[in-house]
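Report on the structure given below.
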Amino acid sequence: MSAPNGAVDAERTGRRVEAVLDRLARDGDPTATEAAEELVRALMDFYGAGLARVAALAAKQTDGPLAALLEDELVAGLLVLHGLHPWDATTRATRAVAALAGRPFEAADFDSATGTLRLRPVGGSGCGQTVEAAREQLEATLSCVAPEVTAVEVQPRQAQLLRIGPTRTRDADAEPRPAEVP
């Protein structure tokens, strides 16, 4: 599948491969299903080895081509898929959160034992629908760049107290002083 600009969309392609394999398993000949799954594994091994070599060669360069590869969503997704991405899950998840349009969240923490990424809302009160849309967008991105994240929790916004009325100053709390006579 292609994204609007003609580039391959890793998430859609992954879902497409899974759907075809599921359909074969459900409706196909068991021998053909096994052969299709073996073909997918062989291609994954082949492309994984090629990507490993690309990453190793790029890392040896002093002008930083690996950084450009890691910024490319498709290449980064393939590196993650093959366990070759040099950043840990927390770093990848935090960068995905920071890249969200409008930055409605910041990463609070990632629990690698449960796969839970906790987010803290930032900025104004925001519209619930917009926050939910941003969360859905983030979950779709995380499925490619940090599949270790299996759950996303948005922490409740901290209530901010608003003081209404005059504020008291230190002098207002002090004992009244007698007026000075000239």
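Only a predicted model underlies this, so the values are computations on that prediction, with no experimental measurement involved. Residue numbers start at 1 and run along the sequence shown.
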Contacts of type side chain to side chain contact (heavy atoms under 4.5 Å, CB included), residue E18, not counting sequence neighbours: none

Euclidean distance, R135 CZ relative to L142 CG, rounded to 0.5 Å: 11.0 Å

Heavy-atom check, side chain of T150 versus side chain of L117, under 4.5 Å: no

Contact check, side chains of T116 and F110, non-hydrogen atoms, under 4.5 Å: no

Heavy-atom check, side chain of P86 versus side chain of L70, under 4.5 Å: yes

Any residue meeting salt bridge (Lys or Arg N to Asp or Glu O under 4.0 Å) with E34, in chain and number order, not counting sequence neighbours: none

Non-neighbouring partners of H82 that pass ring-ring contact (aromatic ring centres under 6.0 Å, His included), sequence neighbours left out: none

Closest non-hydrogen atom pair, L79 against A55: CD2-CB, 4.3 Å

Beyond-backbone contact of V80 with P147, side-chain heavy atoms, under 4.5 angstrom: yes

For the student: nearest non-hydrogen atoms of A146 and A89, plus distance: CB-O, 4.3 Å

For T33, side chain to side chain contact (heavy atoms under 4.5 Å, CB included) partners two or more places apart: L24, A25, E37

Joint cluster assignment, V20 & L43, ILVMFWY side-chain distance < 4.5 Å: no

Verdict with supporting geometry, L78 and L84, side chain to side chain contact (heavy atoms under 4.5 Å, CB included): CA-CA 8 Å; L78 287 170; L84 300 170; over 6 Å; no

T90 backbone acceptor or donor facing T94 side chain under 3.5 Å: yes

Residue pairs passing the salt bridge (charged side-chain N to carboxylate O under 4.0 Å, His left out) test where at least one lies in residues 89-117, sequence neighbours excluded: E71-R95, R92-E148, E106-R120, D109-R118

Candidate pair F105 and V122, rule side chain to side chain contact (heavy atoms under 4.5 Å, CB included), full reasoning: CA-CA 5 Å; F105 311 113; V122 295; 5.7 Å; no

ring-ring contact (aromatic ring centres under 6.0 Å, His included) contacts touching residues 40-60 (sequence neighbours left out): none

Heavy-atom closest contact (A93 atom, V149 atom, distance): CB-CG2, 4.1 Å

